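Because the structure is predicted, anything quoted here is derived from the model rather than measured.
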Amino acid sequence: MRKYLLLYVLLLATGFLTAQTSCLSGQVIDVDDKEPLPFATVQAFQKGKLIAGTVTDLDGKFELCPLPKSGVVDVQVDYTGYPSAQIRSVPVDTSLVEIGMDSKGGVNLNEVVIKAYKVPLTQRDQTTSGQTVTAAQIRSLPRRRVGARRGKVAGLSKEGGPIMIRGSRTNNTDYFVDGVRVSGGGQSGENRERYNKITENPFLRTKDEAISTLSTDVDRAAYANVRRFLNNGQLPPADAVRTEEMINYFPYDDASPDAENKIALTAETMICPWAPKNRLLRVSTKAMPLSRDKAPASNFVFLIDVSGSMNSADKLGLVKESFKLLLAELGSEDRVSIVVYAGASGLVLPPTPGSERETILSALDRLKSGGGTAGAAGIELAYKTAEANFIPDGNNRVVLATDGDFNVGTSSQEALVKLIEGKRKSGIFLSVLGFGTGNYNEGTMQELADRGNGNHAYIDCAAEARKVLVEEFGGTLFTVATDVKLQLKFKPEAVKAYRLIGYENRLLATEDFDDDKKDAAEMGAGHSVTVLYEIVPAKTIEDHHHLGELHLRYKEKVGKRSRKRSAMITTRVRSWEEATENLRWGAAVAEFAMLLRGSEHLGKADWSHCESLATAALGKDEKGYRAEMLGLIRKAEELTNARR
């Protein structure tokens with residue numbers, strides 16, 4: 001019988017959960033044939049904010065955790081081919097036993113694609129992928145699991161998106177259902193996440209190459225992404241660990257620039273913790289902060305991916321919550337437009353004053369996911385919308401929210417980058433916000449941000465959204481300097497060799513430094529950038545007062561001529577105890593990243609050493625970011641030991 005869409009909800013409220021529970025459990029079924037519905041998305045909201053989300057398992061069962069100890073929540077259920085169900089004011093001490101979904105009326109669901117491996121149980125090393133199955137076949141899958149422990153089903157996409165299952169074991173979980181394995185990525189099983197290759201910078205002999213030039217990009221996405229892997233019980237792929245982004249995720253208390261300069265420039269050297277015979281040099285730049293009341297009017301275009309691959313709580317659900325946080329920072333002089341794209345693109349909300357929050361919130365709440373991902377068409381429309389409402393001397397910016405899984409129309413990284421580069425001179429900046437797991441395309445998003453006069457962040461939770469869009473509002477969304485470049489000229493008499501730690505894809509040729517046509521990094525208001533070098537001192541280093549010269553070049557506006565600042569790098573070397581907290585913490589994060597990457601330059605570094613460095617450099621840590629990393633170091637050590 002053809003299944004049509006209508007919703008019937010059966011709510012049985014009795015004490016199946018113990019009092020004071022912080023979890024709400026139940027089962028989603030098809031009310032017609034009483035069959036459980038696997039892969040249905042279940043979310044809990046309180047006062048309009050998403051507080052918990054999960055997906056039903058193969059038996060249609062779910063558990064929402066953690067929830068408040070008391071009060072009520074609103075529960076929303078989504079299933080491929082069915083309209084959303086919204087159940088208001090469910091007491092958290094109630095057991096949501098059954099949610100029955102009737103299939104009458106609406107649009108017929110013909111089939112979805114399950115991205116899986118077909119693995120004979122006797123020959124699991126022989127695989128094929130990409131089965132097409134009907135919705136009825138998904139529901140009728142045998143419930144037998146082979147070698148699987150409890151896990152979460154996280155993300156059945158509408159109209160052809162992948163099914164992903166995350167397990168709770170440290171090496172991920174593979175589910176075998178009558179010979180078919182469905183796995184959630186990571187380092188075992190199939191993973192569609194994509195990262196551009198990183199080849200660690202080597203030591204360079206100063207007598208052969210004394211000049212180091214780089215673009216000081218301030219993207220910080222890698223740390224949140226690494227945190228997501230570790231919290232999910234997995235070690236991240238090496239190419240997901242961008243050392244400079246790990247280091248620059250944290251706030252540092254560098255001095256702000258004076259009134260004459262928009263960027264402050266400092267340098268400091270200490271004994272290298274993992275290689276005591278070497279030196280560790282920290283170069284930092286900090287842009288002038290910008291108070292919210294003095295910020296120029298903003299013309300924001302929210303470009304939101306609503307394709308099938310975004311159909312999960314950690315994707316489109318979190319996108320909505322993130323933009324709601326940002327709206328609280330806007331005023332009547334600001335403008336917000338919303339462009340969406342899936343199989344096609346469209347303008348969902350014309351330019352609307354930031355003070356009309358209810359209108360903007362309503363437009364966000366109406367967004368649903370489904371279809372392929374025609375990202376290029378969405379990008380074109382977003383820039384066209386921004387250009388039509390351009391604010392001279394204002395903050396004109398496209399804010400792209402996506403998992404980066406472009407698969408319709410122009411979809412190659414190279415073609416998308418060329419498209420963005422063509423928009424670069426428009427005076428419209430780009431912020432790229434990455435979401436989700438399983439098919440996260442970090443490589444493309446990184447390149448789009450780099451080439452589009454923009455920045456890139458990865459948002460794995462509401463707290464990260466608040467950090468990026470509220471706490472770092474100016475730095476993320478207000479550019480105060482463009483084409484920012486650093487150049488260091490080391491003295492061969494004082495420095496035998498050096499290596500730049502991170503920034504592998506930010507390197508520039510020596511001649512690029514003085515070339516104003518060469519694109520480089522952007523810096524937001526109040527942003528600081530840390531650059532670390534490991535230095536092998538020459539035997540005559542004590543005979544010199546300086547390690548070399550430090551140069552900074554930047555533009556105050558797109559298209560203007562650049563300004564240059566210079567300073568000398570002193571040979572004064574501090575001990576660990578004498579060094580500033582900024583340098584000590586930067587060293588601890590660098591060592592953490594090196595261990596995760598399996599660097600060949602580890603020296604005496606190991607997990608115990610790294611934990612000691614981080615513990616000794618915690619400082620005030622008012623927001624707890626450093627303490628969080630200390631916990632991640634311990635998790636990484638446990639996962640590393642478990643792998644041996």
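Of the inter-residue distances, the one linking Asn225 atom CG with His456 atom NE2 reads 8.0 Å to the nearest 0.5 angstrom. Atoms OG1 and CG, on Thr216 and Asp483 in that order, are 10.0 Å from each other to the nearest 0.5 Å. Note that the CG atom of Leu318 and the CG atom of Asp460 stand 8.0 Å from one another [nearest 0.5 Å]. Between the OG1 atom in Thr479 and the NZ atom in Lys555 there is a gap of 13.5 Å [rounded to 0.5 Å]. Taking CZ from Phe473 and CG from Leu326, the interatomic distance works out to 6.0 Å, rounded to the nearest 0.5 Å. With rounding to the nearest 0.5 Å, the separation of CG in Leu67 from CD in Gln46 is 8.5 Å.
Residues Ala382 and Val339 come closest through the heavy atom pair CA-CG2, 4.2 Å. Across Ala636 and Leu596, no two heavy atoms sit closer than the pair CB-CD2, 4.1 Å. The heavy-atom pair separating Leu508 from Lys485 by the smallest distance is CD1-CG, 4.0 Å. For the residue pair Ala627 and Asp621, the shortest heavy atom distance occurs at N-OD2, 2.9 Å. Pro236 and Leu230 make their closest contact through CD-CD2, 4.0 Å (heavy atoms, listed as atom of the first residue, atom of the second, distance). Nearest heavy-atom pair across Phe250 and Tyr625 is CE2-O, 3.5 Å.
Counting heavy atoms from C-beta on, the side chains of Ile198 and Arg597 come closer than 4.5 Å. For the pair Val470/Glu329, a side-chain contact is recorded, criterion being any heavy-atom separation below 4.5 Å from C-beta on. Looking only at side-chain heavy atoms (C-beta outward), Val301 and Tyr383 stay at 4.5 Å or farther from each other. Two residues are said to be in side-chain contact when any heavy atoms from C-beta on lie closer than 4.5 Å; Tyr341 and Leu400 meet this criterion. No side-chain heavy atom of Val484 sits under 4.5 Å from any side-chain heavy atom of Lys262. Looking at heavy atoms from C-beta onward, Thr385 lies in side-chain contact with Asn389 at the 4.5 angstrom threshold. Side-chain contact between Thr402 and Val319 is absent, with no heavy-atom pair separated by less than 4.5 Å.
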_side chain to side chain contact (heavy atoms under 4.5 Å, CB included), that's the test. Do Ile304 and Val399 meet it? Break it down for me._
CA-CA 8 Å; Ile304 302 175; Val399 185; over 6 Å; no

*Could you please spell out the steps behind the side chain to side chain contact (heavy atoms under 4.5 Å, CB included) verdict for Asn505 and Asn196?*
CA-CA 9 Å; Asn505 63 342; Asn196 289 347; 5.9 Å; no

_Between Val306 and Val348, does the side chain to side chain contact (heavy atoms under 4.5 Å, CB included) criterion hold? Intermediate values first, please._
CA-CA 12 Å; Val306 294; Val348 171; over 6 Å; no

*Asp305 and Phe435: CA distance, side-chain angles, deciding distance, side chain to side chain contact (heavy atoms under 4.5 Å, CB included) verdict*: CA-CA 10 Å; Asp305 181 354; Phe435 293 82; over 6 Å; no

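In terms of modelled atom types and a separation under 3.5 Å, the side chain of Thr352 and the main chain of Pro350 share a donor-acceptor contact. In this structure a side-chain-to-backbone donor-acceptor pair under 3.5 Å is present from Tyr458 to Gly436. With Arg506 contributing its side chain and Ser215 its backbone, the two residues share no donor-acceptor pair below 3.5 Å. Between the Glu245 side chain and the Ala221 main chain, a donor and an acceptor come within less than 3.5 Å of each other. Under a 3.5 Å cut-off, the side chain of Asn248 and the backbone N or O of Arg220 do not form any donor-acceptor pair. In this structure, Ser362 contributes its side chain and Glu358 its backbone to no donor-acceptor pair below 3.5 Å. One N or O on the side chain of Glu244 and one on the backbone of Tyr503 form a donor-acceptor pair closer than 3.5 Å. When atom types are taken as modelled, the side chain of Asn299 and the backbone of Ala386 share a donor-acceptor pair closer than 3.5 angstrom.
The ring of Phe478 has its center no closer than 6.0 angstrom to the ring center of Phe429.
In this structure, the side chain to side chain contact (heavy atoms under 4.5 Å, CB included) partners of Ser355, at least two apart in sequence or on a different chain, are Ser332, Pro353.
With Arg227 as the fixed residue, the side-chain contact (heavy atoms from CB on, under 4.5 Å) test singles out one of Met246, Lys635, Met629, Glu464: Glu464.
In this structure, a donor-acceptor pair under 3.5 Å is absent between the side chains of Ser298 and Arg397.
Counting non-hydrogen atoms of other residues, nucleotides and ligands closer than 6.0 Å to NZ of Lys518 gives a total of 12 or fewer.
In summary, Glu321 and Lys324 engage in a salt bridge, as defined by a charged side-chain N under 4.0 Å from a carboxylate O.
For residues 309-334, the pairs satisfying ring pair (Phe, Tyr, Trp, His ring centres under 6.0 Å) are Phe302-Phe323, with sequence neighbours left out.
A cation-pi arrangement is present between Lys467 and Tyr249, with the terminal nitrogen or guanidinium carbon under 6.0 Å from the aromatic centre and inside a 45° cone about the axis.
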